J.: 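My questions all concern the structure below.
Everything numeric in this text was worked out from a predicted model, so none of it was measured. FYI, the numbering just counts along the sequence from 1. We use all heavy atoms of the structure for the numbers below, so side chains are in, but hydrogens, waters and symmetry mates are not.
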Amino acid sequence: MQKQKFEIRLAMAEDAEIIHAGLLMIARHLKAEGKVTSTIEDIRRHGFGPQPAFQVLIAEVGLAPSSLQRGEGGPQGRMRGAIGPEFADIPPHLPLGPLLPDGEKREAMFAGMCLFFPSFSTWRGQKGAYIQDIVVDERFRGFGVGVALVRHTAAHVRAEGGTYLRLSVDAENVSAQHFYERLGLSWSRDERIHAAYGDAFEALAGQHESGV
């Protein structure tokens, strides 16, 4: 049986549902579904409005044959790979965008995604990107999809003038830590992440309004 192809492409507004589903995959893996309060509409509004807050690269499997011949290379191109034949009979699920650019129906399965947004190093004086979320559907793990997503993200960022990638990993997600280290994303032992969310953020913002 012929191997299934996987490709990586930039997400469109029509992909908001699958992007949100990918976030829920991560939350389930970390047993933290209750912490996800974002909605599909949040993803659509903030990711695909006039000033997008982030970009997403999506890996998908089982595209229509004609679409496999489309251009590759550059930020808008596609990275190709192959997934073993044991997945060939999995029915399509979670369609990624209803139509291809020429109006052809997309027949694809979600294999993974990488969500990232611009970053800037003031000390380096250079642009880069911060990877917020990366996930590979468990059925497609072990076939290089995650590696391809990170590498394609790096290539996309470089094409836009960036020179580095940053990310943070859940302290208990040891397998992910090892994965990134194998790819050359070293652990920064000199930094600690500090954050203010919810009431803490509102209190901080309110201090300015009160004149403190």
Side-chain angles (χ1 to χ4, degrees), residues 5-27 29-30 38 43-44 46-49 51-61 63 67-68 70-83 94 96-97 108-121 124 126-170 173 175-188 191 193:
K5 300 290 184 181
F6 76 87
E7 295 190 356
I8 296 176
R9 63 174 177 83
L10 276 172
M12 304 174 290
E14 292 84 354
D15 296 312
E17 182 176 359
I18 188 61
I19 293 170
H20 191 262
L23 301 180
L24 293 176
M25 284 184 187
I26 298 173
H29 176 70
L30 298 174
S38 65
I43 300 301
R44 183 179 293 109
H46 295 297
F48 304 96
Q51 293 182 309
F54 58 84
Q55 292 180 287
V56 184
L57 287 175
I58 291 180
E60 54 189 10
V61 177
L63 286 171
S67 66
L68 291 174
R70 289 196 168 85
E72 50 189 319
Q76 301 293 335
R78 297 172 183 245
M79 177 176 286
R80 296 174 178 170
I83 288 177
L94 296 172
L96 306 178
M109 294 181 290
F110 176 81
M113 73 176 193
C114 182
L115 185 152
F116 58 98
F117 47 80
S119 175
F120 184 79
S121 172
R124 293 175 179 269
Q126 297 174 335
K127 297 192 301 180
Y130 187 92
I131 293 178
Q132 180 69 29
D133 297 291
I134 182 168
V135 63
V136 175
D137 188 301
E138 62 182 8
R139 296 175 302 169
F140 302 114
R141 291 173 189 167
F143 295 96
V145 177
V147 173
L149 280 166
V150 174
R151 289 177 174 170
H152 202 48
T153 299
H156 178 87
V157 171
R158 182 177 62 184
E160 294 194 333
T163 63
Y164 66 89
L165 289 177
R166 288 173 57 87
L167 54 82
S168 59
V169 186
D170 188 90
N173 198 344
S175 61
Q177 294 169 28
H178 292 164
F179 170 75
Y180 293 125
E181 288 172 2
R182 289 196 301 271
L183 283 175
L185 285 85
S186 57
W187 178 33
S188 180
E191 298 178 88
I193 296 175

J.: Restricting to non-hydrogen atoms, name the atom on Ile26 and the atom on Ile134 that form the minimum distance, rounded to 0.1 Å.
T.: CD1-O, 3.8 Å
J.: With rounding to the nearest 0.5 Å, note down the distance linking CD in Gln51 to NE2 in His46.
T.: 12.0 Å
J.: Minimum heavy-atom separation for Phe54 and Phe117, please, with both atom names.
T.: CA-CB, 4.0 Å
J.: Quick one, Val61 and Phe143 - any side-chain contact, counting heavy atoms below 4.5 Å?
T.: no
J.: Could you report the tightest heavy-atom contact between Val135 and Leu149, atom names first, then the distance?
T.: O-CD1, 4.0 Å
J.: Rounded to the nearest 0.5 Å, what separates atom CG in Leu23 from atom CD1 in Ile18?
T.: 10.0 Å
J.: Do Pro118 and Lys127 have side-chain heavy atoms sitting under 4.5 Å apart?
T.: no
J.: Where do Trp187 and Glu181 come nearest, in terms of heavy atoms and distance?
T.: CB-OE2, 4.1 Å
J.: Ignoring hydrogens, what is the shortest heavy-atom contact between Leu167 and Ile131? Give both atom names and the distance.
T.: CB-O, 3.5 Å
J.: Given side chains that start at C-beta, do those of Asp15 and Val56 come closer than 4.5 Å, heavy atoms only?
T.: no
J.: Between Ile8 and Ile58, is a side-chain contact (heavy atoms from CB on, under 4.5 Å) present by the stated rule, with each step listed?
T.: CA-CA 5 Å; Ile8 296 176; Ile58 291 180; over 6 Å; no
J.: Would you check if the side chain of Gln177 reaches a backbone N or O of Asp170 as a donor-acceptor pair within less than 3.5 Å?
T.: yes
J.: Taking 4.0 angstrom as the limit, do Glu60 and Arg9 come out as a salt bridge?
T.: yes
J.: Tell me if a side-chain donor or acceptor on Tyr164 pairs with a main-chain N or O of Tyr130 at a distance below 3.5 Å.
T.: no
J.: Measuring only between side-chain heavy atoms, which start at C-beta, is His29 closer than 4.5 Å to Asn173?
T.: yes
J.: To the nearest 0.5 Å, what is the distance between CZ (Arg166) and CD (Glu191)?
T.: 4.5 Å
J.: Roughly how far, to the nearest 0.5 Å, is the CD atom of Gln55 from the NE2 atom of His156?
T.: 3.5 Å
J.: Where is the tightest heavy-atom contact between Phe179 and Val150, given as atom of each residue plus distance?
T.: CE2-CG2, 4.1 Å
J.: Within this structure, what is the CG-CD1 distance for the pair Leu115 and Ile43, rounded to the nearest 0.5 Å?
T.: 7.0 Å
J.: To the nearest 0.5 Å, what is the distance between SG (Cys114) and CD (Gln132)?
T.: 10.5 Å
J.: Does atom CZ of Arg44 have more than 12 heavy-atom neighbours from other groups under 6.0 Å away?
T.: yes
